[in-house]
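Quick caveat, the model's predicted, so the values are computed rather than measured. Chain naming here is simple, since letters A, B, ... match the order of the sequence lines and numbering starts at 1 in each.
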Amino acid sequence: MCFFKKMSRRTLVQALIALPALSLFRKLPEADAARAGPSRADPSPADPNEIVEVNGWILKRSDLA
Amino acid sequence: MIFDSHEAYLAANFKPKVCILGSGPAGTTIARKLGAAGIPVVVLEAGSREFSDESQDFYRGTTVGDFYFDLDITRLRYMGGSSNHWAGWCRVLDKQDFEPKAWAPDTGWPIRRTDIEPYLPEVHDILELPDFRPDVPISDDIRWVQLIKSPAVRFGEKFADELDKSRNIAVVLNTYATELAGDGKRVTGAKLWSNGQDAGAFSADYFIVCTGGLENSRLLLWSNQRSNGGVVPNATALGSYWMEHPTFEGGNAILADYGEFEVDAVNEAFFSPTLAAMERLRIMNFGIRLIETPYAGVKHVIADLACTAPDMAEWVAYRLSQNLRCAAQLYVAWEQAPLASNRIELSKTDVDHAGVPRIEMHWKKSELERRTLVEGLKLFGTTLIEKNLGRVRLMDWIANSEDYPTDEETAGHHHMGGTRMGTDITRSVVDANCKVHGMDNLYVGGSSVFCTSGQANPTTTITALACRLGDHLSKVVAV
Ligand SMILES: Cc1cc2nc3c(=O)[nH]c(=O)nc-3n(C[C@H](O)[C@H](O)[C@H](O)COP(=O)(O)OP(=O)(O)OC[C@H]3O[C@@H](n4cnc5c(N)ncnc54)[C@H](O)[C@@H]3O)c2cc1C
């Protein structure tokens, strides 16, 4: 489970819409970052264009930044 | 001429050369072609001008295997057939649908798409379609394809006047052909049931079975059983290779420019794989349909995305705050691999009011199809990334490899196969002209002749094949 799922979705979406710069979300606490999926926890330098599947999302690795 | 009963028809002393069973899109189209060629043709229609529970009851049956619609719900038994409630989505099968696929046994037709293309102008008139635009490749793997939302022509309504005025066509309502009799070379007659009782036998030079994608198999299986193989002498494949278009909500997409792919009035866009992608991934054809996600749904998608890709979520949230559309639900419909085990059988225990065994349908989705769904969505997701068009999220049950949900649409109400076209008499029932192998005067119209289903809704191809069969018969019968 990711950190944000603890918040109500409504609250989260309101926060998302209200905040123009969401640096808050970009800097996950390390423990939560590790829980967000193996690709996030991987310390090795990886191709930012690599296609990864995380929580059902088909993403570019750089999307996870 | 339209007669409301078999008695009324008999009184008119009409002498048909051809007898068509069923007045749906296939039967009506063939009748109009023959009538226009000056050939006297009778259309026997089991139902009346309107829906009735009594008539629908003849369509009840059972399904063994995967969840499927009740068999009396998924089709209509009255003049015009299931065109009385079809949704009107139109597209002809793709060129690649007619080709054999090395990774999927029993694929490939004995005809090519070019064999039906000459009939497309007629089909456009009949179904009231504008011209199709060519597919647009958006990558080496994915094509942006078009399904036209047509006015959904109700064949019974649209052609009632024309049929009534025709001197060459007699439509006989409330007249159920319960079985055909045959001697292994020719059909010698049809047994009728009208007004709740036997109505004797009917003879004509030629018989065309157009009773729908489930009923064609049922009628021929029962007829063959009763005549000891005299109606379908090569019956190994009869009832087998039945197919549907399984249809499920497969996920969501976040789109950079939602409007880019909306050209139709219905604001929906469709995507399919290229043959190269199907070959590489060894999957079947599929269609991904984008439907705009309602506002509340978009919020959920953003919330979910924020857990995984916050930057992207931020961007989408910004667009949402600008009242810009940015998310779509992805519905996937796919081609079923033709399998002999997916089949229509006659019930051993249950018969309709006329004593004809009801259908017992055996239907299961295969592993190859599951792979088509999963790989198809991933392919679409990868393409959106590569082309900078957006991102895709798979539904949980797909990402987690769980069972298919049973509370969803399930399939398209598209009944295909059972009397498939082919050259191998052990794997097909009709030849390239839709004539039953080994029989001189028995033909089949409708999607039961499909060898493969492609991803497109069937009625456009059914109508094109019916025009082709009508032309062919006009020449054969005139001799
Ligand atoms: C809810 C729904 C939505 C659909 N949407 C689409 C769509 O968007 N696009 C698309 O391409 N297709 C769609 N379809 C499928 C489409 O309706 C069928 O492909 C089409 O109607 C098949 O035409 P047909 O003439 O082969 O058979 P049918 O339409 O089934 O007609 C068969 C006729 O034969 C009669 N009959 C049956 N048995 C006998 C008998 N023994 N003797 C005499 N008469 C008999 C029946 O009463 C009926 O009139 C949809 C179907 C449903 C149910």
Side-chain angles (χ1 to χ4, degrees), chain A, chain B residues 141 250-254 256 288 295-324 326-327 330 374-402:
Chain A
M1 271 290 115
C2 104
F3 169 74
F4 297 100
K5 285 197 175 153
K6 290 178 197 152
M7 296 169 73
S8 90
R9 294 198 155 191
R10 187 185 181 79
T11 315
L12 174 66
V13 170
Q14 276 165 354
L16 280 166
I17 292 169
L19 290 172
L22 286 161
S23 49
L24 159 72
F25 291 131
R26 289 191 201 119
K27 293 202 182 84
L28 285 176
E30 261 176 41
D32 289 316
R35 267 182 270 151
S39 51
R40 306 207 68 175
D42 184 359
S44 60
D47 175 4
N49 288 323
E50 186 193 350
I51 308 286
V52 291
E53 190 186 327
V54 186
N55 297 334
W57 284 96
I58 315 290
L59 299 168
K60 244 194 319 199
R61 187 173 289 284
S62 58
D63 294 338
L64 301 167
Chain B
D141 292 335
N252 302 95
I254 299 284
I288 292 182
Y295 186 74
V298 182
K299 288 185 182 181
H300 276 94
V301 176
I302 297 173
D304 198 276
L305 184 60
C307 298
T308 311
D311 272 2
M312 290 229 68
E314 177 187 349
W315 173 79
V316 185
Y318 172 75
R319 293 181 67 86
L320 187 67
S321 71
Q322 306 281 301
N323 284 328
L324 293 172
C326 50
L330 304 179
V374 176
E375 295 299 331
L377 279 163
K378 287 185 180 171
L379 195 65
F380 185 58
T382 307
T383 300
L384 291 194
I385 292 174
E386 284 167 1
K387 298 291 160 187
N388 239 343
L389 294 168
R391 300 291 182 269
V392 162
R393 184 188 186 282
L394 311 181
M395 294 295 278
D396 286 343
W397 63 270
I398 298 174
N400 301 332
S401 306
E402 290 162 13

Give every residue pair that meets the salt bridge (charged side-chain N to carboxylate O under 4.0 Å, His left out) criterion with at least one member in residues 377-391 of chain B, sequence neighbours excluded. A:Glu53-B:Lys378, A:Asp63-B:Arg391
For B:Leu305, which atoms come within 4.5 Å of any heavy atom of chain A: side chain, backbone, both, or neither? both
What's the shortest heavy-atom distance between B:Ala399 and A:Gly56, and which atoms? CB-CA, 4.0 Å
In Å and rounded to the nearest 0.5 Å, what is the CG to CG distance from B:Asp396 to A:Asn55? 9.0 Å
Which region of A:Ile51, side chain (C-beta onward) or backbone (N, CA, C, O), has a non-hydrogen atom less than 4.5 Å from a non-hydrogen atom of chain B, or is it both or neither? side chain
Considering the options B:Ile385, B:Leu379, B:Thr383, which one meets the side chain to side chain contact (heavy atoms under 4.5 Å, CB included) requirement together with A:Ile58? B:Ile385
